Amino acid sequence: MGQSGSTISGSNRNNSIHRKKYKSTAIIAPIQAEEKVDFNETSLIETPDLISELPDECLACIFQSLSSGDRKRCSLVCQRWFTIEGQSRHRLSLDARSDLLLLIPSLFSRFDSVSKLALKCERRSTSIGDEALILISLKCRNLTRLKLRACRELTDSGITAFAKNCKGLKKLSCGSCTFGAKGMNAVLDHCANLEELSVKRLRGITDGMATQPIGPGFASNALKTICLKELYNGQCFGPVIAGSKNLKTLKLFRCSGAWDDLLESISDRVNCCLSEIHLERLQVSDRGLSSISNCVKLEILHLVKTPECTNLGLISIADHCKLLRKLHIDGWKTNRIGDEGLIAIANRCPNLQELVLIGVNPTTLSLGLLASNCRNLERLALCGSESIGDAEISCIAAKCIALRKLCIKACPVSDHGMEALAGGCPNLVKVKVKKCRGVTCEGADWLRASRGSLAVNLDTGSLEPLEASTSDGGIPENAGEFASGLRIGGVPSSSSNGRSALAKARLGFFAGRSYVVCTLRRWSSTSRNNNTSASNQRRS
């Protein structure tokens, strides 16, 4: 017989909330006969509320390390936590439907320290208008980042008033909005500290030649990143691009019109600071690449589905951009970029660390030079190439000493290529082989067994269209899970083909069927084994 835990008398049950009941889980030894125990004795264990003694600043730091859901739950504990959680929240994402207007005063009275705000509205809903955005700007004077998605009721007047009230804005991202050049110019004129500008499907600048130029504005001295996506008249941003003296990153995705002239205007600047350029599905030729080559500080270049670019343009890049570290090329199987351009890169860009080739057909000639001359080449992806076979993989295995990650997709490689990797590339830590019909599970297993520390990822699924979109966030976009964020294959990224989200979901569902079936089979097998084991134990 023993007794565990302490009891609380009825008269003390309504004591302060800082008092806690403790239940002992320890094993209690039997009570000795000589011990006198009064079982009617009641005891109350009072513990101090240490959290209440924490300063508000410390509690705010704790809240900031929690996830959004945990923060919401913590705010319901007591009035003090509710207040501190609201005052310490710097990032807020809101459903930007029109009925948000009535909630703005109370919302921003609680969240009065918000500096990063996202306003997103569903496509079929009516978004907030100018009145709501102006009210937000009056409540959030310290706003530094703003993201607008599908806020189609906003006009140039509302954006202008917002820019005047939030002059400390450093990052603006807008997509599927309807304001135009006047609102964008107001932001550039009043927000002199603007560092990042991202614009996608801005419907107010689709009037062709009638659209007024955008920029450069007072923000041109601070702008470091400009990203334009799916714009019908993106050339109207030419003045702000060319006039941004400290621009380091330029990303142009699926924007209509010819871009060679604009790229030439950028290269005419005496001190061009551009170090990263992404061109995807853009009408740009070797003339544009020749202009880009004047950016001698260029380190990262992505050429994705630019069919007018050839070896000549790539040679110009190699001749002048000696600091190039990352090169991504999606040749769209046009065979206009090949050994000649890659040999120039190998001979003149010794700092190359990452190379992604999609729809390009290199041979052992260029691959051997890349491996020999680019001693820092750590990440290599070869996708949809008809010339990459076992001989080319053997060349890579023999010469790429620094290679750490290798991705091979939809190439005529067999198990012999896997055997070559077993004895080469001493620093290799991960190999991803996808949709290479000649590589079997046995070959992949043999490679794993040969190099125990090597992670081998084999996907022998059916072939699918190759994609190399680097424009859409969030994703996860990877090629061989490179840190650079390139997406190769998988569910195609959103593009001008107008494929709906439902269709993408269906594609992802069917693509993952084989994995799900294998998993269910393993679970079923495990369940049968467990049942058999339990039955044997009962019999024994």
Side-chain angles (χ1 to χ4, degrees), residues 63-64 66-76 81-163 165-166 168-180 183-184 187 191 196-204 227 229-230 471-476 493-494 500-502 504-505:
F63 289 155
Q64 289 171 3
L66 301 178
S67 64
S68 179
D70 288 338
R71 290 192 64 144
K72 292 177 183 178
R73 285 184 281 271
C74 286
S75 67
L76 302 178
W81 285 28
F82 181 85
T83 303
I84 295 175
E85 193 279 328
Q87 293 176 346
S88 63
R89 186 181 285 269
H90 302 301
R91 187 191 302 266
L92 193 62
S93 181
L94 300 176
D95 184 356
R97 284 180 287 186
S98 57
D99 51 3
L100 177 65
L101 176 62
L102 300 176
L103 303 175
I104 290 176
S106 59
L107 271 174
F108 290 97
S109 294
R110 177 188 174 193
F111 303 109
D112 55 359
S113 300
V114 171
S115 60
K116 303 173 185 178
L117 178 64
L119 300 172
K120 304 177 183 180
C121 183
E122 296 180 356
R123 293 183 178 181
R124 297 182 180 180
S125 302
T126 302
S127 72
I128 60 172
D130 293 342
E131 183 181 358
L133 187 63
I134 294 172
L135 185 57
I136 290 174
S137 68
L138 294 173
K139 297 286 186 179
C140 298
R141 296 283 188 173
N142 297 323
L143 204 63
T144 59
R145 295 188 181 185
L146 176 65
K147 178 184 289 186
L148 301 173
R149 290 292 181 270
C151 295
R152 292 174 294 277
E153 302 300 320
L154 296 179
T155 67
D156 290 328
S157 300
I159 296 295
T160 300
F162 171 85
N165 293 331
C166 297
L169 196 68
K170 293 184 177 181
K171 182 177 181 178
L172 173 64
S173 175
C174 54
S176 300
C177 296
T178 55
F179 61 89
M184 193 59 64
V187 172
C191 302
E196 295 185 36
L197 177 63
S198 179
V199 183
K200 180 178 181 179
R201 288 196 296 267
L202 190 61
R203 307 182 188 279
C227 179
K229 302 179 184 179
E230 301 176 21
S471 60
D472 299 319
I475 59 95
S493 62
S494 63
S500 66
L502 179 59
K504 294 180 185 179

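The analysis underlying the following values was restricted to heavy atoms, covering all of them including side chains, and did not include hydrogens, waters or symmetry mates. Bear in mind the structure is a predicted one, so any value in this text is a computation, not a measurement.
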Can you give each donor-acceptor pair under 3.5 Å made by side-chain atoms of residues 100-116, sequence neighbours left out, with the distance rounded to 0.1 Å?
from : atom 1 : to   : atom 2 : distance (Å)
S106 : OG     : L103 : O      : 3.1
S109 : OG     : P105 : O      : 2.6
R110 : NH2    : E85  : OE1    : 2.7
S113 : OG     : Q87  : O      : 2.8

| message | Pair L172, I159 - check side-chain contact (heavy atoms from CB on, under 4.5 Å), show working. | response | CA-CA 11 Å; L172 173 64; I159 296 295; over 6 Å; no

| Rounded distance [0.5 Å steps], CG in L202 versus OG in S176 | 9.5 Å

| query | Do you know the tightest heavy-atom contact between R145 and L169? | reply | N-CD1, 3.8 Å

| request: Can you run down the salt bridge (Lys or Arg N to Asp or Glu O under 4.0 Å) pairs that involve residues 93-102, sequence neighbours left out, and say none if there aren't any? | output: D95-R97

| Residues forming a side chain to side chain contact (heavy atoms under 4.5 Å, CB included) with C166, sequence neighbours excluded | S137, L143, F162

| Hey, does R73 have a side-chain heavy atom less than 4.5 Å from the side chain of L66? | no

| request: Using side chain to side chain donor-acceptor pair (under 3.5 Å) as the criterion, list what pairs up with S198, not counting sequence neighbours. | output: none

| query | Would you say W81 and S75 make side-chain contact, with heavy atoms under 4.5 Å? | reply | no

| task | Kindly write out the residues that satisfy side chain to side chain contact (heavy atoms under 4.5 Å, CB included) with A96, not counting sequence neighbours, or none if the list is empty. | result | L119, C121, I128, C151

| note | Of all heavy-atom pairs linking D156 and G180, the shortest is OD1-N, 2.7 Å

| field | Pairing residues for T144 by the side chain to side chain donor-acceptor pair (under 3.5 Å) criterion, not counting sequence neighbours | value | none

| Smallest separation among heavy atoms of G158 and L133, with atom names | O-CD2, 4.0 Å

| Non-neighbouring partners of R91 that pass salt bridge (Lys or Arg N to Asp or Glu O under 4.0 Å), sequence neighbours left out | none

| field | Non-neighbouring partners of K171 that pass salt bridge (Lys or Arg N to Asp or Glu O under 4.0 Å), sequence neighbours left out | value | E196

| With sequence neighbours excluded, what pairs up with T155 under the side chain to side chain contact (heavy atoms under 4.5 Å, CB included) test? | D130, S157

| task | Can you establish whether the number of heavy atoms outside E131 located under 6.0 Å from its atom CD is more than 12? | result | no

| Note, R71 side chain near S88 side chain (heavy atom, < 4.5 Å) | yes

| request: Just jot down the side chain to side chain contact (heavy atoms under 4.5 Å, CB included) partners of E122, sequence neighbours excluded, or say none. | output: S125

| said: I'd like to check the side chain to side chain donor-acceptor pair (under 3.5 Å) partners of S173; sequence neighbours left out, ordered by chain and number. | reply: R149

| remark: In short, R152 meets T178 closest at the heavy-atom pair O-OG1, 2.5 Å

